[in-house]
Each structure stands twice: as structure tokens, then as C-alpha cells.
Amino acid sequence: MTVSRALMFTLFLLSLAPAAVAEGYLLEAAEGQEPTQVTVKLQVGGDSIVPAMDADGPTGTEKVTPMSVQGNFEYQEQVLGRGEQARSVRVYQRADAILKIEEKSSEQGFERVLPEDMCEVVCDLHEGRGRFLCPDGSLTRSQVDLLDVLGNTLVLDRLLPNREVAEGESWEHDPQAITAIFGLDNAGVCEVNSMVVGEENNQVQIRMSGTVHGGVDGASLEMEIKGAYLFHLKQGRITKMNLVVKEKRKASVVTPGLDITAKLNIVVGPATSSLISEEMIAAAEKLQVEPRSRLFFNSPIRGFRFAHAGNWYVTKESRNLVTLRLLDDNTSIASCNVTTLPPRSAERETSLEQFQREVQQSLGENVQEIAAANEWTSPNGHKCMAVFANGKVKDIAVQWRYYLVSAPDVKRVSVAATVEQAKLDKFADADRLIVDSMELVGAAKEETAGK
């Protein structure tokens with residue numbers, strides 16, 4: 001055999017040998033994990049953007065206000081279920097944020113803190129969106145907004161591909177996973193992927209980047225995501241994550257626009273001593289959640305508090321008035337004004353006939369018919385009256401739904417909802433929870449209310 005033939009034969013034998021396979025890492029969350037201790041730090045800087053308004057409505061220009069947020073969160077978390085039934089119970093040791101707004105050469109600061117009596121919280125996943133519930137009472141919108149930060153640890157393991165991945169290999173993230181982790185309602189365009197870059201001390205180093213076009217609270221947004229996270233091979237979970245998210249969000253009827261950069265740091269480790277009792281776990285597992293999670297609005301200064309479905313959003317507050325908007329599929333379908341009125345004694349209570357006349361007078365020529373008039377006693381023992389009027393505004397068929405909630409010697413409350421008649425099926429009496437849960441309380445003194 002000649003040299004050239006020997007060389008060719010050797011190369012032929014080498015070609016038959018199996019190729020070297022790069023070492024892979026199994027990136028899959030461990031089952032039956034113990035309680036974890038979580039620390040989250042959030043920094044946000046940028047601009048809040050709202051349409052400028054005058055007496056005739058939007059002017060076509062925008063008001064840009066510099067703002068910043070500093071948030072700190074510490075909690076223990078026990079995951080109770082995964083997949084579509086994902087749920088966990090958390091005990092918050094700290095949950096606070098400071099919002100600063102720069103306006104007219106001055107700076108205003110607002111602090112949000114989760115009350116100590118609401119430190120036990122259930123995190124639940126519904127239709128791909130994280131929800132926060134307090135077994136001891138309903139959370140307010142501002143409290144939910146405080147807790148609903150980027151990087152929901154209940155579903156953080158959805159970033160994992162659940163298979164072996166070699167160094168240098170990447171994978172695309174499911175849009176539903178990104179929606180749940182980043183607290184979005186939808187992600188129409190999702191081009192986010194992760195790649196393994198190395199391993200050290202049993203922790204796989206992973207980089208993540210990409211863009212998302214989606215929506216939240218009726219507003220469209222664009223997000224640019226860059227970050228890195230660690231997966232602990234022995235613990236079977238993501239233990240650390242650093243994220244930088246640039247977000248541009250358009251203003252909606254219920255939220256301002258945003259042009260911000262958010263920096264997030266998450267650390268997850270074993271809980272040295274659990275604060276989560278068996279009783280907490282049992283209560284969280286049995287907790288029945290409404291499709292539209294219930295929230296709470298509490299205003300002792302105005303003299304009332306009430307519960308409402310989670311798709312009602314407060315859009316305006318003044319001394320004696322609160323305005324809410326109802327969203328359905330990210331579209332506004334109704335508005336509601338809750339107004340405090342002067343108290344009346346039992347001898348001077350408004351009758352249903354008087355209330356109906358007042359409604360007709362206030363609406364004037366827009367009213368075509370009175371569709372309903374009724375009165376009852378609420379679960380809180382308050383007298384309730386309702387008058388529904390049908391009519392038209394600029395050739396659009398509308399129903400006005402007026403309620404009066406009263407009790408002797410305390411401020412009365414008027415609830416007035418406006419909804420297009422074509423949207424009444426979607427509306428589905430969404431105002432009744434507000435009325436039936438309304439609790440009239442002794443209002444604060446006028447000088448306190450003024451402050």
C-alpha cells in the first residue's frame with residue numbers, strides 16, 4: 001500500500017468514528033421545591049407621557065414629566081402549582097417603592113408600602129397574567145401595582161428550555177412565558193432568546209436578549225430586553241437574574257405613556273427558616289378566585305369604600321369625586337363616577353320618585369325612556385336606589401345607570417355609570433359590585449380632607 005493510499009485509508013477510518021459531543025446542561029426546574037427567600041431591587045428612570053388637555057378635550061400635544069422609581073422587595077415564596085394552575089404563597093418582609101416626579105422645577109416624592117397586615121399574599125396565574133390576592137382582605141390597585149414588578153418569580157422557570165443545552169447553544173422563548181414573567185396582557189411580536197455562555201460552581205451562566213411588541217392595561221408597548229441569569233444545577237432553579245428593560249408605552253384611557261429604562265436584580269435562595277405555615281398553604285390552595293380578581297378602593301376622607309372587579313381602573317380623583325373606566329379586551333366600554341353628597345336625616349331621605357325626577361332633569365333632552373327604577377337594602381344595610389335611563393348622545397345609543405346609596409347622618413354616595421347600549425352584554429352589570437359592596441363611613445373632618 002502506498003503512502004497516499006495509507007493516508008486515505010486512515011482518513012476513511014476517522015470519518016467512521018463518532019463525532020465528539022459537546023457537554024450539555026439539563027436546564028429544567030426541580031419538582032417539589034422547598035420555600036425560597038427572594039430579594040428584588042428595582043430602579044426605573046425616564047419620562048411619563050400624558051396627552052395635554054384643555055376644556056374641549058385633548059389638544060394634540062403631550063405633557064412629558066421626568067420620573068423615577070426605587071423599589072425594594074423581600075419575601076419568602078412557596079410554589080404550590082405549576083403550568084396553567086401556577087400558584088404560590090408569599091410572605092413579604094419588605095415591599096416598598098418611592099416614586100419621584102419632577103414638575104415645574106420641583107420634585108415630588110410618593111411612597112408606597114405594603115401594610116403589615118397584608119404581608120401574606122397569594123400569587124396566581126390567570127389567562128397568562130399574574131394576579132395578587134390577599135386572603136385577609138382585598139388589595140387596592142396601588143398595592144397590586146406595587147407587587148406586580150418585572151420578573152415574576154412564580155413563573156421565572158418558564159425561561160428554561162426543559163432539555164439539555166450545550167455551551168453556545170440558544171433557544172427562543174415562548175411568548176406566553178414572556179407575557180407572564182413581564183406582566184403583560186399580550187405579546188403579539190416576541191423575539192426573545194437565551195444562550196448558555198458557560199458554567200461555574202454548578203451554576204450555568206445564561207444571557208437573554210430580544211424585543212417584545214405587546215400590550216398592557218389597554219396600552220401598546222415596545223420592550224427591548226437584555227439580561228443575564230444563573231441556573232443552579234443542584235438546586236434546579238434560577239438563582240440570580242439581572243435585567244435591563246427599555247420600554248416605550250403609549251398612553252391609554254387608563255394609564256399614562258412611558259419612555260423608561262428599568263434595571264432589575266433578583267436573587268433567589270433557600271429559606272433558612274420558613275415563615276410559611278401549613279395553615280397558610282392550605283388557605284392558599286383553597287382560595288377561590290373570581291375570573292376578574294376583586295380589588296378594593298378605600299377613601300375614608302370621602303366617606304366610602306367599595307370593592308370592584310380588576311378591570312375597573314381609577315382615572316381621576318378630586319375632593320368629592322372618583323372616576324373609573326372599565327376595560328374589556330383592552331378596550332374601554334364604560335365609565336363610572338362615584339361622588340359624595342351631603343348627608344340627610346332619616347326624615348329627609350330621597351324617595352325613588354324624587355331620585356327618578358332628578359335623573360331625568362340632569363340628562364335633559366338626551367333621555368328617551370326610563371328603562372328601570374328600583375330600590376333595595378345592600379348587604380351592608382344601606383338604602384340603595386337605581387334608575388336606568390336610555391337615550392342618545394351624538395346618535396350613539398347610551399344607557400345611564402344612576403345609583404344612590406344612603407344611610408342616616410353620613411355622607412351619601414352617588415354612583416353613575418355610562419355605557420353604550422350595544423356593549424351592555426359585555427358590561428354585564430359590572431357596576432353592581434361597586435354598589436352592593438359600598439360601605440359608608442364617617443368622613444374625616446373638612447380640614448383633614450383639605451390636606
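All residue numbers in this chain count up from 1 along the given sequence.
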(message) Do Gln143 and Phe296 make a side-chain contact, defined as non-hydrogen atoms from C-beta onward lying under 4.5 Å apart?
(response) no

(request) Working to the nearest 0.5 Å, report the span between OG of Ser194 and CG of Leu160. (result) 9.0 Å

(request) Kindly indicate whether the side chain of Val268, heavy atoms from C-beta on, has any atom under 4.5 Å from the side chain of Tyr229. (result) no

(message) I'd like to check His232 versus Asn202 (side-chain heavy atoms, cut-off strictly below 4.5 Å). Are they in contact?
(response) yes

(message) Regarding Asp157 and Arg237, does a basic nitrogen lie under 4.0 Å from an acidic carboxylate oxygen?
(response) no

(request) Before giving the answer on side-chain contact (heavy atoms from CB on, under 4.5 Å), spell out for Leu147 and Arg90 the whole-Å C-alpha distance, their side-chain angles and the decisive distance to 0.1 Å. (result) CA-CA 11 Å; Leu147 302 180; Arg90 297 178 180 179; 5.8 Å; no

(message) Looking at Glu285, I want to see if its CD is surrounded by more than 12 non-hydrogen atoms of other residues, nucleotides or ligands under 6.0 Å.
(response) yes

(request) Could you tell me the separation between the CG atom of Asp96 and the CZ atom of Arg112, rounded to the nearest 0.5 Å? (result) 12.5 Å

(message) With rounding to the nearest 0.5 angstrom, report the CD to CZ distance, Glu28 to Arg163.
(response) 11.5 Å

(request) Could you tell me whether the side chains of Ser220 and His213 share a donor-acceptor contact shorter than 3.5 Å? (result) no

(message) Quick check: closest heavy atoms across Val216 and Gly183, and the distance to 0.1 Å?
(response) CG2-O, 3.7 Å

(message) Quick one: does any side-chain atom of His382 pair with a main-chain N or O of Leu440 as donor and acceptor, under 3.5 Å?
(response) yes

(message) Can you confirm whether Gln176 is buried at CD, in the sense that more than 12 heavy atoms of other residues, nucleotides or ligands lie under 6.0 Å from that atom?
(response) no

(request) Go through the structure and list residues passing side-chain contact (heavy atoms from CB on, under 4.5 Å) with Thr323, not counting sequence neighbours. (result) Thr315, Lys316, Leu321, Asn337

(message) Measuring only between side-chain heavy atoms, which start at C-beta, is Leu150 closer than 4.5 Å to Phe182?
(response) yes

(request) Return each pair, listed once, that meets ring-ring contact (aromatic ring centres under 6.0 Å, His included) where at least one residue sits in residues 300-324; pairs must be two or more places apart or across chains. (result) Phe297-Phe306, Phe304-Phe306

(message) Taking the side chain as everything from C-beta on, heavy atoms only, tell me whether Leu184 gets closer than 4.5 Å to Leu221.
(response) yes

(request) Evaluate the criterion side-chain contact (heavy atoms from CB on, under 4.5 Å) for residue pair Ile266 and Leu264; output intermediate values, then yes/no. (result) CA-CA 7 Å; Ile266 302 174; Leu264 184 76; 3.6 Å; yes

(message) For Ala228, is there any backbone N or O sitting under 3.5 Å from a side-chain donor or acceptor partner on Asn242?
(response) no

(request) Check whether any side-chain heavy atom of Leu139 sits under 4.5 Å from a side-chain heavy atom of Leu133, and report yes or no. (result) no

(message) For Met223 and Val192: C-alpha separation, side-chain torsions, deciding distance, then whether side-chain contact (heavy atoms from CB on, under 4.5 Å) applies.
(response) CA-CA 10 Å; Met223 301 175 73; Val192 183; over 6 Å; no

(request) Take Gln78 and Met280 through the test side-chain contact (heavy atoms from CB on, under 4.5 Å) and record every step on the way to the result. (result) CA-CA 10 Å; Gln78 174 67 66; Met280 291 180 187; over 6 Å; no

(request) Mark yes or no for whether Asp329, through its side chain, and Thr331, through its backbone, hold a donor-acceptor pair below 3.5 Å. (result) no

(message) Could you measure the distance from the CD1 atom of Ile434 to the SG atom of Cys336? Nearest 0.5 Å is fine.
(response) 4.5 Å

(message) A quick test of your reading: do over 12 heavy atoms of other residues, nucleotides or ligands sit less than 6.0 Å from CD of Glu191?
(response) no

(request) State, to 0.1 Å, how close Cys134 and Glu120 come at their nearest heavy-atom pair, and which atoms those are. (result) SG-O, 3.6 Å

(request) Measure across Pro66 and Asp47 and return the closest heavy-atom pair with its distance rounded to 0.1 Å. (result) CA-OD1, 3.4 Å

(message) Under a 3.5 Å distance rule, please check whether Gln203 uses its side chain to pair with a backbone N or O of Leu230 as donor and acceptor.
(response) no

(message) Looking at Asp217 and Arg325, is any side-chain nitrogen of the basic one under 4.0 Å from a carboxylate oxygen of the acidic one?
(response) no

(message) Return the CG to CG distance between Asn311 and Leu295, rounded to the nearest 0.5 Å.
(response) 9.5 Å

(message) Treating Asn186 as the side-chain partner and Gly215 as the backbone partner, does any N or O pair qualify as donor plus acceptor under 3.5 Å?
(response) yes

(message) On a heavy-atom basis, which atom in Val122 and which in Pro135 lie closest, and how many Å separate them?
(response) CG2-CG, 4.0 Å

(message) Tell me every residue that passes side chain to side chain donor-acceptor pair (under 3.5 Å) with Ser68, counting only those two or more places apart in sequence or in another chain.
(response) none

(message) With a 3.5 Å distance limit and no angle check, can you tell me whether Arg141 reaches the backbone of Gly310 through a side-chain donor-acceptor pair?
(response) yes

(message) Does Lys250 have more than 12 heavy atoms from other residues, nucleotides or ligands lying within 6.0 Å of its NZ?
(response) no

(message) Does any part of the side chain of Ile206, heavy atoms only, come nearer than 4.5 Å to the side chain of Met208, both counted from C-beta?
(response) no

(request) Identify the heavy atoms of Asp185 and Arg129 that sit nearest to each other, and give their distance. (result) OD1-NH1, 2.6 Å

(request) Taking Arg94 for its side chain and Leu114 for its backbone only, find out whether a donor-acceptor pair lies under 3.5 Å. (result) no

(request) Verify the neighbour count for atom CZ of Arg207: are there more than 12 heavy atoms of other residues, nucleotides or ligands below 6.0 Å? (result) no

(request) Measure the CG-OG distance between Leu324 and Ser335 for me, rounded to the nearest 0.5 Å. (result) 9.5 Å

(message) So, using side-chain contact (heavy atoms from CB on, under 4.5 Å) as the criterion, who are the partners of Lys423 when residues are at least two apart?
(response) Ile333, Val419, Glu420

(message) Can a donor-acceptor pair be found, under 3.5 Å and without considering hydrogens, that links the side chain of Trp400 to the backbone of Val387?
(response) no

(message) Going by side-chain contact (heavy atoms from CB on, under 4.5 Å), name the residues that satisfy it together with Pro256, two or more places apart in sequence or in a different chain.
(response) Ser48, Val50

(request) Determine the minimum heavy-atom distance between Ile276 and Ser274, stating which atoms define it. (result) N-OG, 3.1 Å

(request) Report yes if the side chains of Gln93 and Gln37 come closer than 4.5 Å at any heavy-atom pair, otherwise no. (result) yes

(message) I'd like to know if Glu439 pairs up with Arg305 as an ion pair, taking the criterion as any Lys NZ or Arg NE/NH1/NH2 lying under 4.0 Å from an Asp or Glu carboxylate oxygen.
(response) yes

(message) Do Ser437 and Arg294 pair up side chain to side chain, a donor and an acceptor below 3.5 Å, judged on atom types alone?
(response) no

(message) Applying side-chain contact (heavy atoms from CB on, under 4.5 Å), can you list everything that pairs with Ala386, at least two apart in sequence or on another chain?
(response) Trp376, Phe388, Tyr403

